[in-house]
Amino acid sequence: MTRETIYLPDRGLDHLVLAVAALERAQETYAQLGFTLTPRAEHSWGTANQLVQLQGSFLEVLEVAAPEKLFPHGGRTFSFGAFLNDYSKHREGCAMVVFESHDARADRDQFAQRGLPDLDPFDFERQAKLPDGSAVRVAFSLAFAPPPEMPDAAFFTCQQHAPEYFWKPDYQKHPNGAKTLEEVAIIAKDPDSLRPILEKLQAPEAVHSDPDGLTCETMRGRIRVMTLDNYQLWYGEGAASSAPATPHFAAMRIGVADIQATQALLDQRNVHYHWARAGLIVPSLSVHGCCLAFAQI
């Protein structure tokens, strides 16, 4: 990388929140695709999840399990569950992109100084099951930054208070060879219109235009904003039928150790896929609304 193209992002991608209608069915889908998932976990506010742990990042496959437990948004409060419940009434897919955090309260202050909504951090803990079957408590602090320009998407940072209990090598061994979260794709009619938002979420120097649209580099992975036409070139499919007209997360790109081995596994399991610029593509209709690309790293 030349001196002129060095970018200085504030934080890396931590995880994606993938909203699904039925967690058990989604677990079967991701297992069929060759992912190892953590056991089911439940949140006190009505959502439940299973995770796909990668190297330093993860996929959170999540359902609204108990709508009666959800709490509403407040003046300074963003309700994770209420947002996901509203999202899930219309579609499945990637609803939120999450950045890593070392201090969620400092993130909140930074976001507010940069002109993003000034919301209170959210602290919670839950029980997690380790690979040996034992249970531990894990705790998190979240700083939400839902941009008004993207009503069908949200960002937040996630600070882990007990990472030694969260990250487990046994959960990071995937038959499909998945290693890293390389990219998240956003479809937008005018990619450059999201530059101000991304420059507030990351250092401005990390955001740059390119022939395909707009790219936001992070310390781990990238966010790529593109028109529908460019998205079709990269991922080989159109927008999902349930996709909103506003900018929205459309695809994720996963780095694998051996793309030919990944392809062989999908062939063995009769998984439908095609090839496009982003790599080996499993269409969004087959992955609960979020297109999945496997790419060699």
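Judged purely by distance below 3.5 Å, without hydrogens or angles, the side chains of R108 and Q113 never pair a donor atom with an acceptor atom. Using modelled atom types and a 3.5 Å distance limit, the side chains of H90 and S242 yield no donor-acceptor pair. Of the N and O atoms on the side chains of T246 and D152, at least one donor lies less than 3.5 Å from an acceptor on the other residue.
With hydrogens and angles ignored, the 3.5 Å screen pairs a side-chain donor or acceptor of N230 with a backbone N or O of D212. Between the side chain of H73 and the backbone N or O of S79 there is at least one donor-acceptor pair closer than 3.5 Å. For the pair T180 (side chain) and E182 (backbone), a donor-acceptor distance under 3.5 Å is absent. For the pair N176 (side chain) and L33 (backbone), a donor-acceptor distance under 3.5 Å is present. Using modelled atom types, no side-chain atom of Q172 and backbone atom of Q53 make a donor-acceptor pair closer than 3.5 Å. R91 places no side-chain N or O within 3.5 Å of a backbone atom of A19 that could act as its donor or acceptor partner. The main-chain N or O of L23 is found under 3.5 Å from a side-chain atom of E63 such that the two form a donor-acceptor pair. The backbone N or O of S284 lies less than 3.5 Å from a partner atom in the side chain of E237, making a donor-acceptor pair. S57 contributes no side-chain N or O that, together with a main-chain N or O of L54, makes up a donor-acceptor pair within less than 3.5 Å. At least one donor-acceptor pair under 3.5 Å links the side chain of K168 to the backbone N or O of E164.
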Using distance only, find each side-chain donor-acceptor pair of residues 81-89 under 3.5 Å and give its atom names and separation, not counting sequence neighbours.
from	atom 1	to	atom 2	distance (Å)
Y87	OH	C94	O	3.3
S88	OG	L84	O	2.8

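Criterion: ILVMFWY side-chain heavy atoms under 4.5 Å apart, direct or through other members. Under it, V256 and L59 are part of a common hydrophobic cluster. Hydrophobic clustering (side-chain heavy atoms under 4.5 Å, transitive across Ile, Leu, Val, Met, Phe, Trp, Tyr) groups M150 together with L13. In terms of hydrophobic clustering, with Ile, Leu, Val, Met, Phe, Trp and Tyr side chains grouped at heavy-atom distances under 4.5 Å, L285 and I187 are assigned to different clusters. L37 and M252 end up in the same hydrophobic cluster when Ile, Leu, Val, Met, Phe, Trp and Tyr side chains are linked at under 4.5 Å.
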### Message
Could you go through F155 and F249, starting from their C-alpha distance and side-chain angles, then the distance that decides it, and tell me whether this counts as ring-ring contact (aromatic ring centres under 6.0 Å, His included)?
### Response
CA-CA 11 Å; F155 297 91; F249 306 121; 5.4 Å; yes
### Check against side-chain hydrogen bond (donor to acceptor under 3.5 Å, both in side chains), Q263 and Y273
CA-CA 9 Å; Q263 181 181 13; Y273 63 84; 3.0 Å; yes
### Task
Please test V287 against Y30 for side chain to side chain contact (heavy atoms under 4.5 Å, CB included), starting from the C-alpha separation and ending with a verdict.
CA-CA 8 Å; V287 202; Y30 279 88; 3.5 Å; yes
#### Entry: Intermediate values then yes/no, side chain to side chain contact (heavy atoms under 4.5 Å, CB included), V52 and H174
CA-CA 9 Å; V52 174; H174 305 286; 3.6 Å; yes
#### Entry: Full working for ring-ring contact (aromatic ring centres under 6.0 Å, His included) between F99 and F156
CA-CA 6 Å; F99 298 106; F156 64 92; 9.4 Å; no
### Task
Please assess R126 against V138 for the test side chain to side chain contact (heavy atoms under 4.5 Å, CB included), listing each intermediate value before the final yes or no.
CA-CA 6 Å; R126 65 169 175 82; V138 291; 3.8 Å; yes
### Message
Set out, in order, the CA-CA distance, both residues' side-chain angles and the distance that settles side chain to side chain contact (heavy atoms under 4.5 Å, CB included) for R195 and S209, then state yes or no.
### Response
CA-CA 9 Å; R195 179 186 292 273; S209 298; 2.5 Å; yes
### Task
Would you please test D120 and T77 for side-chain hydrogen bond (donor to acceptor under 3.5 Å, both in side chains) and show each step?
CA-CA 6 Å; D120 291 334; T77 303; 4.6 Å; no
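Counting heavy atoms from C-beta on, the side chains of L119 and P146 come closer than 4.5 Å. Within the 4.5 Å cutoff, the side chain of L266 has heavy atoms near those of the V282 side chain. Using a 4.5 Å heavy-atom threshold, the side chains of V64 and P67 count as touching. Between P39 and Y171, some side-chain heavy-atom pair lies under the 4.5 Å cut-off. With a 4.5 Å cut-off on side-chain heavy atoms, I186 and H248 do not count as touching. Looking at heavy atoms from C-beta onward, L51 lies in side-chain contact with F166 at the 4.5 angstrom threshold. Considering only heavy atoms from C-beta on, I281 stays 4.5 Å or farther from L292 through its side chain. Here the side chains of D118 and D109 are not in contact, with every heavy-atom distance at 4.5 Å or above.
Within 6.0 Å of the CD atom in Q32, the count of heavy atoms belonging to other residues, nucleotides or ligands exceeds 12. Surrounding CD of E24 are at most 12 heavy atoms belonging to other residues, nucleotides or ligands under 6.0 Å away.
Aromatic ring centres of F122 and W45 lie closer together than 6.0 Å. Aromatic ring centres of F140 and H161 lie farther apart than the 6.0 Å criterion allows.
Between E183 and R253 there is a salt bridge, since a side-chain N of the basic residue sits under 4.0 Å from a carboxylate O of the acidic one. We find that R105 and D123 are joined by a salt bridge, their nearest charged nitrogen and carboxylate oxygen being less than 4.0 Å apart.
Among residues two or more places apart in sequence or in another chain, the side chain to side chain contact (heavy atoms under 4.5 Å, CB included) test is passed with Q127 by A135, R137. Every residue two or more places apart in sequence or in another chain that forms a salt bridge (charged side-chain N to carboxylate O under 4.0 Å, His left out) with E100 is listed here: R220.
The shortest non-hydrogen separation linking L62 to E60 is CD1-OE2, 3.4 Å. Counting all heavy atoms, side chain and backbone alike, A104 lies closest to T157 at CA-OG1, 4.4 Å. Taking each heavy atom of A295 and A278 in turn, the nearest pair found is CB-O, 3.7 Å. Between M226 and Y231, the shortest heavy-atom contact is SD-CA, 3.3 Å. Minimum interatomic distance between G34 and L265 (heavy atoms only, all atoms of both residues): CA-CD2, 4.1 Å. Closest approach of A48 to E42, counting heavy atoms only: CB-CG, 4.0 Å.
Note that CD of Q50 and CG of L18 are 12.5 Å apart. Values are rounded to the nearest 0.5 Å. Here L214 contributes atom CG and I223 contributes atom CD1; the two are 10.0 Å apart, rounded to the nearest 0.5 Å. For the atom pair CE of M96 and CZ of F80, the computed distance is 5.5 Å after rounding to the nearest 0.5 Å. To the nearest 0.5 Å, atom NZ of residue K129 and atom CZ of residue R40 are 12.0 Å apart. Going from atom CG of D192 over to atom OG1 of T227 covers 12.5 Å, rounded to the nearest 0.5 Å. Here CD of Q202 is found 13.0 Å from CZ of R222. Values are rounded to the nearest 0.5 Å.
Note: H272 and H274 have tilted aromatic rings, judged against thresholds of 30 and 60 degrees for the angle between ring planes.
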